Each structure stands twice: as structure tokens, then as C-alpha cells.
2 protein chains.
Amino acid sequence: MNIQNGDELLRILEALSNPYRLKIISILHQERQYVSQLARSLGISRPLLYLHLQRLEEANLIKGDYEVSDKGKTMKYFELNPFFIELNPQFITELADSLTLKKKKE
Amino acid sequence: MNIQNGDELLRILEALSNPYRLKIISILHQERQYVSQLARSLGISRPLLYLHLQRLEEANLIKGDYEVSDKGKTMKYFELNPFFIELNPQFITELADSLTLKKKKE
DNA sequence: AACACCTGTAATATATTTATTACATGAATA
DNA sequence: TATTCATGTAATAAATATATTACAGGTGTT
């Protein structure tokens with residue numbers, strides 16, 4: 001996972017800036033889980049979970065795959081997209097120029 | 001700078017989840033600047049800058065010191081508090097248990 | 001005194017994020 | 001067929017974060 005520009009770094013930082021999403025990372029680091037299972041693990045509703053999963057997926061930190069169980073049920077398993085980011089002032093400085101300042105209507 | 005628990009990590013990630021704040025880190029990595037100077041560098045108003053500086057200061061990423069210039073003017077210089085965080089699933093997992101889920105009235 | 005910089009904050013408005021509620025669909029099982 | 005467990009989304013509400021506007025006070029210079 002190579003970070004190309006400031007906006008990408010920002011997207012990742014934003015994705016990780018939430019306790020549920022950090023917990024999702026932690027759970028998926030230990031084992032892959034399907035959506036409903038994850039919702040139970042976290043103790044939150046699926047709609048809310050979807051929102052968080054989407055943020056993580058957009059940042060490319062996780063990915064989901066459909067899988068049909070023995071019983072014929074389709075479940076969506078999520079798993080981690082391993083990452084390793086060395087967060088320090090030097091690195092941020094290298095990417096700072098490629099940061100977009102405000103996303104508005106175009 | 002040693003991160004002790006999930007909430008602290010989260011505070012840092014939140015502090016870094018904004019383009020202006022990343023730019024502030026970048027600027028202060030190169031040289032210390034006083035408030036008005038920083039506002040000009042960034043092209044934003046001081047009130048807005050203060051908000052961002054506060055977030056960074058709360059996360060302990062920067063610190064400010066008052067200094068009297070030759071001409072007798074008091075300026076508040078900000079400088080970086082160097083940090084180095086290895087952001088990866090393993091590290092997040094270690095801190096995930098010490099994450100507070102919702103801050104509400106107690 | 002008026003101007004040019006420096007410091008800061010309070011009140012308000014706007015935008016974004018987070019959370020909830022209400023639906024809708026499909027397949028296996030009792 | 002009624003229940004259970006899986007998938008998902010649209011609409012709305014509530015909470016936070018971001019941004020703006022309007023102040024106020026200090027010192028040095030013209």
C-alpha cells in the first residue's frame with residue numbers, strides 16, 4: 001500500500017479517525033468476518049456499520065467478498081488490506097503540497 | 001512521544017485529519033512561525049487558525065511559546081513536537097481495547 | 001492621534017459526520 | 001407458510017467540525 005499524495009493520506013487518516021472503525025480494523029486483523037457478524041461484534045446496527053465499512057473501503061483499508069456458505073446463504077466477508085504507514089512530520093511534509101484544500105461544488 | 005491508549009491514538013488521528021492541520025505540521029516542520037505569520041502562510045483567518053492550532057495542541061503535536069521581538073511586540077511562536085507513529089493493524093489492535101466508544105453526558 | 005501589526009475570544013452560521021428508523025429482498029428451516 | 005438470518009438502501013435526525021463575522025486590548029511608528 002503506497003500512498004501517492006496528500007489527499008490519499010488524508011482519506012486514510014479520516015478513515016481511521018473513529019473508534020468503531022479502529023475496532024473494525026482490530027477485529028479484521030484477527031479474523032475475517034461477515035457483515036452481520038461484525039455488527040454483532042461491535043454492538044451496532046448494520047446501517048451504521050455499512051457507513052463505517054464504506055469509509056474504510058474508500059480508503060482501501062479493507063475489502064469485501066461475497067461467499068456462499070454451506071447452507072446456501074450469501075454472506076459478505078470483509079478482510080483487511082494490510083497497511084503500514086510511518087506517520088511523521090517529514091512524511092507529511094512530503095505530501096503536504098499535494099493536498100486539496102476544500103472540496104466544494106464544481 | 002509514546003501513545004498510551006486508544007483514545008490518545010484517536011485524538012492524534014483526528015488532529016491530523018484535516019488538510020490545514022497537515023499543512024501546519026508541514027510548515028512547522030520547516031520553521032517555527034508565530035500565529036499571524038502562520039495565518040498568512042496558510043491564507044486563512046486567525047480565528048480559524050486558532051481552532052486548528054487548538055486541535056493540534058490538544059493532541060500534543062505542537063506547542064506554542066510567547067516571545068517578545070526586538071520591537072517589543074509579543075508573538076506566539078508555534079513549533080512542532082516531533083512524533084513518529086507506526087500506523088498498522090497490529091498497533092491498532094493493541095490499542096483498540098482502550099478505546100472509548102461514545103463521549104456523552106455521564 | 002491614526003495606522004499597522006501583534007494578541008485573543010464570543011457568537012453565529014454552514015457543512016459534514018454519525019446515528020437511527022423504516023423499508024425491501026432472498027434462501028433455509030421448523 | 002411463518003420464522004430466522006443473511007443481504008442492502010433511503011430518508012431523516014442529531015451531533016460535531018469547520019468557517020465567518022464582529023469584537024477588544026496592547027505596542028511601536030508615522
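From a predicted model like this one, the values you see are computed outputs, not experimental measurements. Here is how names work: the chains are called A, B, and so on, in the same order as the sequence lines, proteins then strands, and each is numbered from 1.
The side chain of M75(B) has dT7(C) as its nearest neighbour among dT7(C), dT7(D), dT20(D). The Y34(A) side chain lies nearest to dA6(D) when the options are dA6(D), dA22(C), dA19(D). Of the candidates dT7(C), dT7(D), dA28(C), the closest approach to any side-chain atom of K71(A) belongs to dA28(C). Side-chain proximity of K73(B) to the nucleotides dT7(C), dA19(D), dC5(C) is greatest for dC5(C). Side chain of P47(A), nearest nucleotide from dA19(D), dT20(C), dT20(D): dT20(C).
Residue H52(A) has no polar side-chain atom (N or O) positioned under 4.0 Å from OP1 or OP2 of dT17(C). Not one side-chain nitrogen or oxygen of S45(B) sits closer than 4.0 Å to the OP1 or OP2 atom of dA19(D). Using a 4.0 Å cut-off, some side-chain N or O of K76(A) falls inside it from OP1 or OP2 of dG8(D). One finds no side-chain N or O of T74(A) lying less than 4.0 angstrom from the OP1 or OP2 phosphate oxygen of dG26(C). Under 4.0 angstrom from either OP1 or OP2 of dT18(D) there lies at least one side-chain N or O belonging to N18(B).
Taking atom CG of L101(B) as the reference point, atom C1' of dT18(C) lies 13 Å away to the nearest angstrom. When rounded to the nearest whole Å, the span between CD of Q33(A) and P of dA6(D) equals 12 Å. Atom OH in Y66(B) sits about 9 Å away from atom P in dT7(C), given to the nearest Å. Taking atom CG of L48(A) as the reference point, atom C1' of dA11(D) lies 15 Å away to the nearest angstrom. The interatomic distance linking L49(B) (CG) with dG8(C) (C1') rounds to 12 Å, in whole Å. In this structure, CD of E67(B) is placed 18 Å from P of dT27(D), rounded to the nearest angstrom. The distance between atom CD of E14(A) and atom C1' of dT16(D), rounded to the nearest whole Å, is 14 Å. If you measure from atom CG of L51(A) to atom P of dT21(C), you get 15 Å, rounded to the nearest angstrom.
Each of H52(A), R46(A), K76(A), Q33(A) was checked for a side-chain contact (heavy atoms from CB on, under 4.5 Å) with L38(A), and the lone residue meeting it is Q33(A).
When heavy atoms are screened at a 4.0 angstrom cut-off, Y50(B) is found touching base atoms of the nucleic acid.
From L56(B), atom CG reaches atom CD1 of I25(B) across 5.0 Å, with rounding to the nearest 0.5 Å. In this structure, the separation between NE2 on H29(A) and CD1 on I62(A) is 15.0 Å, given to the nearest 0.5 Å. Annotation: the span from I27(A) atom CD1 to L22(A) atom CG amounts to 11.5 Å, rounded to 0.5 Å. To the nearest 0.5 Å, the span separating CD1 on I24(A) from CG on L49(A) amounts to 5.0 Å.
Between the base of dT7(C) and the side chain of R46(B) there is a donor-acceptor pair shorter than 3.5 Å.
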Does Y50(B) form a side chain to side chain contact (heavy atoms under 4.5 Å, CB included) with V35(B)? I'd like the steps, not just the answer.
CA-CA 8 Å; Y50(B) 273 112; V35(B) 179; 3.9 Å; yes
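Between F78(B) and R21(A), the residue anchored closer to the 5' end of DNA chain C is F78(B), taking for each the nucleotide with the nearest heavy atom.
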